[in-house]
Amino acid sequence: MFFEMFLRVLITVSSALAIILSSISVCDGQWISTPEETVFGVWDTCQKGSIQCSEEMAWLSQHMVLVRTTVSLAVVVAIFGLQLLMVSQLCEDGHSHKKWNMGSVLLVISFFLSSTGTLTYIILLKDFTGLGSFTLLFWCQFVGVFLFFLNGISGIYLSRLTA
């Protein structure tokens, strides 16, 4: 009983950490910095009609909508998943097992959404960057994606063990 409760608390706290890392990363959005000190962000890659905005950068800016949408939606889905995980621990009723399962599934869905957005961002900017160009905020997003996966799968596995 103690071990199960310890794991549930650990999964919940780790999920909260993943949400914090991912939301800070998404809100700031400065994921890549090139040696020329140009920063390619999720939110402000290029303003159409700007002097520094080339045709290629305008195209890139239009396609960043997919990245913004998926990573932002991933954070929202993860928040709802975390809420279900916490409610299932606080309210021990007949439905707490289902709430825990649904919260874990929402974390896995959040993993798929955030990994899709992060990989799309990397694919869109692969011509502009190298491995050393990623900022700390990108790596926060990367760790958040990994924690979404780890917590979602661990929650589902723990739920099946205790069923």
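- Hydrophobic clustering (side-chain heavy atoms under 4.5 Å, transitive across Ile, Leu, Val, Met, Phe, Trp, Tyr) keeps Phe146 apart from Ile79.
- For Phe142, the CZ atom is loosely surrounded, since the number of other residues' heavy atoms within 6.0 Å does not exceed 12.
- For the pair Val71 and Gly117, the tightest heavy-atom approach, listed with the atom from each and the gap, is CG1-CA, 3.9 Å.
- A distance of 4.5 Å separates CD1 of Ile122 from CZ of Phe134, quoted to the nearest 0.5 Å.
- In terms of modelled atom types and a separation under 3.5 Å, the side chain of Thr162 and the main chain of Ser159 share a donor-acceptor contact.
- Nearest heavy-atom pair across Leu84 and Lys99 is CB-O, 3.6 Å.
- Ser25 pairs by the side-chain hydrogen bond (donor to acceptor under 3.5 Å, both in side chains) definition with Trp31, not counting sequence neighbours.
- Remark: Phe149 engages Phe111 in a ring pair (Phe, Tyr, Trp, His ring centres under 6.0 Å) (not counting sequence neighbours).
- A continuous path of hydrophobic side-chain contacts links Ile109 to Val67 [ILVMFWY only; heavy atoms under 4.5 Å].
- Contact between Leu107 and Gly152 at its shortest, heavy atoms only, is CB-CA, 3.9 Å.
- Both Val75 and Leu106 belong to a common hydrophobic cluster when Ile, Leu, Val, Met, Phe, Trp and Tyr are linked at side-chain heavy-atom distances under 4.5 angstrom.
- The neighbour count for Phe80 CZ, taken as heavy atoms of other residues, nucleotides or ligands under 6.0 Å away, does not exceed 12.
- Within the structure, the salt bridge (charged side-chain N to carboxylate O under 4.0 Å, His left out) test picks out the following pairs touching residues 5-20 (sequence neighbours left out): Glu4-Arg8.
- Within the 3.5 Å criterion, the main-chain N or O of Phe112 finds a donor-acceptor partner in the side chain of Ser115.
- Within the structure, no pair that satisfies the salt bridge (charged side-chain N to carboxylate O under 4.0 Å, His left out) test touches residues 143-163, not counting sequence neighbours.
- Val9 and Met86 fall into different hydrophobic clusters, where Ile, Leu, Val, Met, Phe, Trp and Tyr residues are linked whenever their side-chain heavy atoms come under 4.5 Å apart, directly or through other members.
- To the nearest 0.5 angstrom, Leu82 atom CG is 11.0 Å from Leu17 atom CG.
- Side-chain contact between Met102 and Leu85: absent, with no pair of heavy atoms (C-beta onward) separated by less than 4.5 Å.
- Here ring-ring contact (aromatic ring centres under 6.0 Å, His included) pairs that include residues 86-110, with residues two or more places apart or in two chains, number zero.
- The CG atom of Asp28 sits 12.0 Å away from the CD atom of Gln141 when rounded to the nearest 0.5 Å.
- In terms of hydrophobic clustering, with Ile, Leu, Val, Met, Phe, Trp and Tyr side chains grouped at heavy-atom distances under 4.5 Å, Val105 and Phe148 are assigned to a common cluster.
- Between atom CG of residue Leu73 and atom CG of residue Leu113 there is a gap of 5.0 Å, rounded to the nearest 0.5 Å.
- Ile11 contributes atom CD1, which lies 11.0 Å from atom CD1 of Ile153 (distance to the nearest 0.5 angstrom).
- Closest non-hydrogen pair, Ala74 versus Ser110, comes out as O-OG, 2.7 Å.
- The list of side chain to side chain donor-acceptor pair (under 3.5 Å) pairs with a residue in residues 79-89, not counting sequence neighbours, is empty.
- Of the possible donor and acceptor atoms, one in the side chain of Asn151 sits under 3.5 Å from a partner among the backbone N and O of Leu147.
- Formation of a donor-acceptor pair under 3.5 Å by the Ser22 side chain with backbone atoms of Ile19 is not found in this model.
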